[in-house]
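Note that ligands are numbered from 1 as they come in the structure, with each ligand's atoms numbered from 1 the same way.
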Amino acid sequence: MTPSESRGIDRREFVKAAVAIGGMSALSACLGRFGDGAESIPTGTDDPTSLPDRQHAWNGALPSDDHGNHVLASHHVLLYADYAGDGTPTADERETVESALQSLERAFEWSNEGLLFTVGYSPRYFDRFDESLPDSVDLPEPAALTSFEDPDLDTNDVVVHLASDSGAALLEAEEALKGHSDTANGVEMDAHLGDVLDLPDEFPGRRTGFVGGGLPAENSDVSGIPDEADVPEESPLYMGFKSGFDKNQATEEDVTISEGPFAGATTQHVSRIRLRLDDWYVEQDQDERVAEMFCPAHADEGTVEGVGENLGDDSGAGDCAETVREDARSAGRVGHAQKTARARRDGRPIILRRDFDSTDKGEAGLHFLAVQEGISDFVATKTSMAGEDLTDTPTIRQRVNNGIQEYTFVKRRGNFLLPPRTHRALPTPRPE
Ligand code: HEM
């Protein structure tokens with residue numbers, strides 16, 4: 001490793017740690033130590049109408065890799081917040097929220113180099129109104145989705161998702177939203193979210209994470225990753241494979257609610273998954289990992305090289321989906337992607353994944369964040385992934401030989417509505 005490569009790793013690790021810790025001191029450290037400061041973060045726009053109406057329209061603002069796959073921003077913060085007032089939100093409070101969000105859009109370019117964000121509202125938030133959500137919005141309370149999980153259910157009113165390649169941008173945005181700072185990226189904040197919402201400083205309200213080549217390997221000294229594990233340097237996620245190939249994702253259009261007062265919205269499901277990768281890395285070889293992550297045929301045919309960069313823009317899981325029962329009998333195991341690909345519609349998945357790894361609580365984990373038109377699309381996908389229907393084959397157990405379920409443990413689940421930008425500030429269930 002050259003000295004400059006080693007400085008690069010130092011810097012990335014430091015920024016990741018600063019985001020995980022949060023607060024003004026982490027921000028100052030970030031700005032001070034590496035000059036990852038305001039001067040290098042592009043500022044945003046005065047014209048909110050120049051931004052997409054769909055809050056979840058991130059793809060156009062993200063870079064693509066050599067194969068045309070969208071590359072998610074490297075650092076993430078999730079803030080689970082509650083409405084601080086009594087009764088229902090007032091027009092003034094709505095204005096405060098909208099003004100705080102527009103200030104962020106002025107402060108940061110709408111991109112991975114600046115800041116991407118969404119604001120979502122839970123079923124519990126909408127319960128305070130006399131009216132109910134329209135039928136065009138499929139947003140049930142969160143619930144356990146398999147017979148072998150017992151997650152805590154997130155019932156906060158609001159979740160704010162902040163994402164950026166710059167740790168300093170994330171921390172500045174968070175501090176400014178909370179009202180700890182009057183400016184963000186050198187731009188004045190007209191209002192603060194913290195005047196209307198109770199915003200968290202610590203887990204479980206504040207969750208953080210990262211995704212992208214290098215980051216998991218550099219942060220593998222954490223509970224759940226055995227010392228012997230050799231998380232590949234180039235892997236974007238702890239489990240050692242690339243994910244989110246373009247053809248294995250729903251499109252933004254597909255996950256958008258098309259009618260009713262929330263036309264342009266989507267739903268967001270966020271689960272926190274704990275990873276225990278001892279057996280994944282110590283007992284299994286790469287072919288076995290390929291069989292359980294993708295499908296047995298991919299392992300037999302050597303389809304996946306390394307972390308799977310060679311797959312281009314399609315993991316090939318669609319073809320494996322058809323042989324899942326046959327594979328259960330002949331190979332004695334089934335793969336995560338092949339099972340999950342049974343939940344497609346018109347040849348494409350029905351959820352758009354934007355998940356990222358985490359070291360929250362000192363544990364290797366993953367915040368599985370996905371957007372879909374309705375929560376039932378997520379439930380259908382999760383049911384296919386769980387493969388409880390395949391356990392009639394003797395070798396396939398709920399957790400054993402059944403994709404990645406031996407290594408992944410769902411700890412929390414939450415459901416939210418991401419309204420279109422026009423209704424993103426404390427909406428009623430029936431906005432005009
Ligand atoms: C630790 C957790 C997880 C990891 C590391 C992981 C990783 C992967 C990988 C490597 C693929 C194949 C490449 C790709 O298509 O992107 C994949 C596919 C997929 N995964 Fe996961 N996954 C995890 C959890 C989940 C969960 C909780 C769900 C939702 C229920 C899910 C839904 C999907 C879907 C929809 C596909 C694409 C299937 C298709 O091609 O139709 N994954 N995942």
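In this pair, Phe294 and His298 present their aromatic rings parallel. The plane angle is below 30°, not in the 30 to 60° band. Ring orientation note: the planes of His269 and Phe378 are close to parallel, at an angle under 30° on the 30°/60° scale.
Residue Lys242 places a heavy atom less than 4.0 Å from ligand 1. Close to ligand 1: Pro349, with a non-hydrogen atom less than 4.0 angstrom away. By the 4.0 Å heavy-atom criterion, Leu275 is counted among the residues contacting ligand 1. Taking a 4.0 Å cut-off on heavy atoms, Tyr238 fails to register as neighbouring ligand 1.
In terms of protein heavy-atom proximity, atom 30 (C) of ligand 1 is nearest to Lys382 CA, 3.6 Å. The protein atom (non-hydrogen) at minimum distance from atom 2 (C) of ligand 1 is Leu366 CD2, 3.7 Å. Among protein heavy atoms, the minimum distance from atom 12 (C) of ligand 1 is reached at Phe294 CE2, 3.7 Å. From the protein, the heavy atom lying nearest to atom 27 (C) of ligand 1 is Met385 SD, 3.6 Å. Of the protein's heavy atoms, Asn248 CB, 3.1 Å lies nearest to atom 15 (O) of ligand 1.
Contact check on Arg397 versus Glu406 returns no salt bridge, with no Lys/Arg side-chain nitrogen under 4.0 Å from an Asp/Glu carboxylate oxygen. Using a 4.0 Å cut-off between a side-chain N of Lys or Arg and a carboxylate O of Asp or Glu, Arg412 and Asp154 qualify as a salt bridge. In this structure, Glu309 pairs ionically with Lys242, as a charged nitrogen and a carboxylate oxygen lie closer than 4.0 Å. Under a 4.0 Å N-O distance rule, the pair Glu149/Arg413 qualifies as a salt bridge. The pair Arg421-Glu105 counts as a salt bridge, with a side-chain nitrogen and a carboxylate oxygen less than 4.0 angstrom apart. We find that Arg399 and Glu388 are not joined by a salt bridge, their nearest charged nitrogen and carboxylate oxygen being 4.0 Å or further apart.
For Arg344, a nitrogen or oxygen atom sits less than 3.5 Å from a nitrogen or oxygen atom of ligand 1, counting backbone and side chain alike. When only interatomic distances are considered, the shortest N/O to N/O separation between Thr340 and ligand 1 does not fall below 3.5 Å. Where the criterion is an N or O separation shorter than 3.5 Å, residue side chain and backbone included, Thr408 fails it with respect to ligand 1.
The residue among Arg353, His298, Met239, Met293 with a heavy atom at the shortest distance from atom 17 (C) of ligand 1 is Arg353. Within the set Trp280, Phe241, Phe368, the minimum heavy-atom distance to atom 26 (C) of ligand 1 is found for Phe368. With distances taken over non-hydrogen atoms, the option nearest atom 43 (N) of ligand 1 out of Gln249, His269, Gln338, His336 is His336.
Close contacts of ligand 1 with Ala317, meaning ligand atoms under 4.0 Å from a residue heavy atom, involve 40 (O). Atoms of ligand 1 found under 4.0 Å from any heavy atom of Gly244 (numbered from 1 in listed order, with element): 14 (C), 16 (O). Interface atoms of ligand 1 facing Ser243, defined by a heavy-atom separation under 4.0 Å, are 9 (C), 10 (C), 16 (O).
Under 4.0 angstrom from ligand 1, the non-hydrogen atoms of Ile404 all belong to its side chain. Contact annotation for Ala341 and ligand 1: heavy atoms of both the backbone and the side chain come within less than 4.0 Å of the ligand.
Here Cys295 contributes atom SG and Arg333 contributes atom CZ; the two are 12.5 Å apart, rounded to the nearest 0.5 Å.
Thr208 and Arg206 get closest at one heavy-atom pair: CG2-NH1, 3.3 Å.
For the pair Arg272 and Phe368, the NZ or CZ position fails the cation-pi test of under 6.0 Å to the six-membered ring centre and within 45 degrees of the ring normal.
Counting non-hydrogen atoms of neighbouring residues, nucleotides and ligands closer than 6.0 angstrom, the CG atom of Asp285 exceeds 12 such neighbours.
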